[in-house]
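Here the structure comes first, spelled out in structure tokens, and everything after it is commentary.
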Amino acid sequence: MEPHGPACPGSVLFGCELTASTKSYTFQVDEEDDSDHILALSVVCLTDGAKDECNVVEVVGRNHENQEIAVPVANLKLSCQPLLSLDNFKLQPPVTFRLAAGSGPVHLAGWHRIMHREGASFEDDDLSEEDEEELPPIMPAKK
């Protein structure tokens, strides 16, 4: 987040790997952060060393009743589907990725998008006030 400065939106490359020894990864942000965070997943793929077995990747999150749910998003197999494009599948942190079946390695890649709520609203307010102050008074049209 730091390279983008405190008041500008940005996207940071995201990546994690799920394996037989590291079966889950949790993406979370500081709860006191006043920015909106979106994780946009682009691709899930098997990487070097994967066996020809089904590798099921689940997303574990919370539903509208705040209950934990796990949803499979990919079933990869080296011989028939080693890669799946997720077309920037958007998730709101905290979210956990879990290798529910298989031994991987499975790599997930995408973008962590950061939108600063406070900075944007203050900037918009400041701009509209400045514009109003700098407008010349309306003069009657000369005939």
Side-chain angles (χ1 to χ4, degrees), residues 1-139 141:
M1 283 193 304
E2 292 301 320
H4 297 287
C8 65
S11 291
V12 181
L13 191 61
F14 165 81
C16 71
E17 189 174 68
L18 305 176
T19 64
S21 58
T22 308
K23 287 200 172 270
S24 70
Y25 174 84
T26 300
F27 176 79
Q28 56 191 4
V29 294
D30 184 358
E31 287 184 20
E32 294 180 16
D33 185 351
D34 61 355
S35 302
D36 287 323
H37 295 265
I38 296 292
L39 183 62
L41 284 183
S42 302
V43 70
V44 179
C45 64
L46 294 172
T47 55
D48 192 36
K51 299 175 191 164
D52 194 29
E53 63 185 0
C54 286
N55 289 272
V56 178
V57 177
E58 292 180 329
V59 173
V60 182
R62 300 217 166 256
N63 67 11
H64 65 285
E65 295 172 348
N66 205 29
Q67 296 171 326
E68 187 176 285
I69 57 168
V71 179
V73 293
N75 186 350
L76 304 175
K77 190 171 182 182
L78 202 55
S79 61
C80 61
Q81 185 167 347
L83 176 141
L84 178 65
S85 172
L86 293 174
D87 196 30
N88 291 323
F89 178 54
K90 292 174 182 61
L91 299 160
Q92 197 166 358
V95 64
T96 298
F97 304 103
R98 185 165 57 202
L99 188 57
S103 56
V106 177
H107 192 83
L108 291 87
W111 296 96
H112 172 195
R113 295 191 178 141
I114 305 149
M115 283 103 14
H116 297 280
R117 276 183 263 154
E118 236 176 75
S121 63
F122 285 147
E123 285 174 19
D124 292 346
D125 291 344
D126 289 348
L127 288 175
S128 60
E129 286 173 17
E130 286 173 15
D131 291 345
E132 289 170 13
E133 289 171 12
E134 291 176 15
L135 289 176
I138 297 173
M139 303 296 281

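All of these numbers come straight from a predicted model, not from anything done at the bench.
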*Mind checking whether His112 and Phe27 have parallel, tilted or perpendicular rings, split at 30° and 60°?*
perpendicular
*Nearest 0.5 Å, what's the NE2-CG distance between His107 and Leu46?*
12.0 Å
Indicate every side-chain donor-acceptor pair of residues 96-105 with a distance under 3.5 Å to a residue at least two apart or in another chain.
residue: Thr96; atom: OG1; partner: Thr26; partner atom: OG1; Å: 2.8
residue: Arg98; atom: NE; partner: Glu58; partner atom: OE1; Å: 3.0
residue: Arg98; atom: NH2; partner: Glu58; partner atom: OE1; Å: 3.0
residue: Ser103; atom: OG; partner: Glu53; partner atom: OE2; Å: 2.5

*Measure the SG-CD distance between Cys54 and Gln81 for me, rounded to the nearest 0.5 Å.*
10.0 Å
*Below 4.5 Å, heavy atoms only, C-beta onward: do His37 and Met115 meet side chain to side chain?*
no
_If the condition is side-chain contact (heavy atoms from CB on, under 4.5 Å), which residues does Asp52 pass it with, not counting sequence neighbours?_
Lys77, Leu78, Ser79
*asked:* Any non-hydrogen side-chain atom of Leu83 less than 4.5 Å from a side-chain atom of Leu76?
replied: no
*Determine the minimum heavy-atom distance between Val95 and Gln92, stating which atoms define it.*
CB-O, 4.3 Å
*Do other residues, nucleotides or ligands put more than 12 heavy atoms under 6.0 Å from the NZ atom of Lys51?*
no
_Thr47 and Val106: CA distance, side-chain angles, deciding distance, side chain to side chain contact (heavy atoms under 4.5 Å, CB included) verdict_ = CA-CA 6 Å; Thr47 55; Val106 177; over 6 Å; no
_I want to check something: taking the side chain as every heavy atom from C-beta on, are Trp111 and Ser42 in contact at a cut-off of under 4.5 Å?_
yes
_Non-hydrogen side-chain atoms of Leu84 and Val43 separated by less than 4.5 Å_ = no
*asked:* Do Leu18 and Leu108 make a side-chain contact, defined as non-hydrogen atoms from C-beta onward lying under 4.5 Å apart?
replied: yes
_As an exercise, state the distance from CD1 of Ile38 to OG of Ser35, rounded to the nearest 0.5 Å._
12.0 Å
*Interatomic distance, Asn55 atom CG to Cys45 atom SG [nearest 0.5 angstrom]*: 11.0 Å
*How close do Pro82 and Cys80 get, heavy atom to heavy atom, and via which atoms?*
CD-C, 3.9 Å
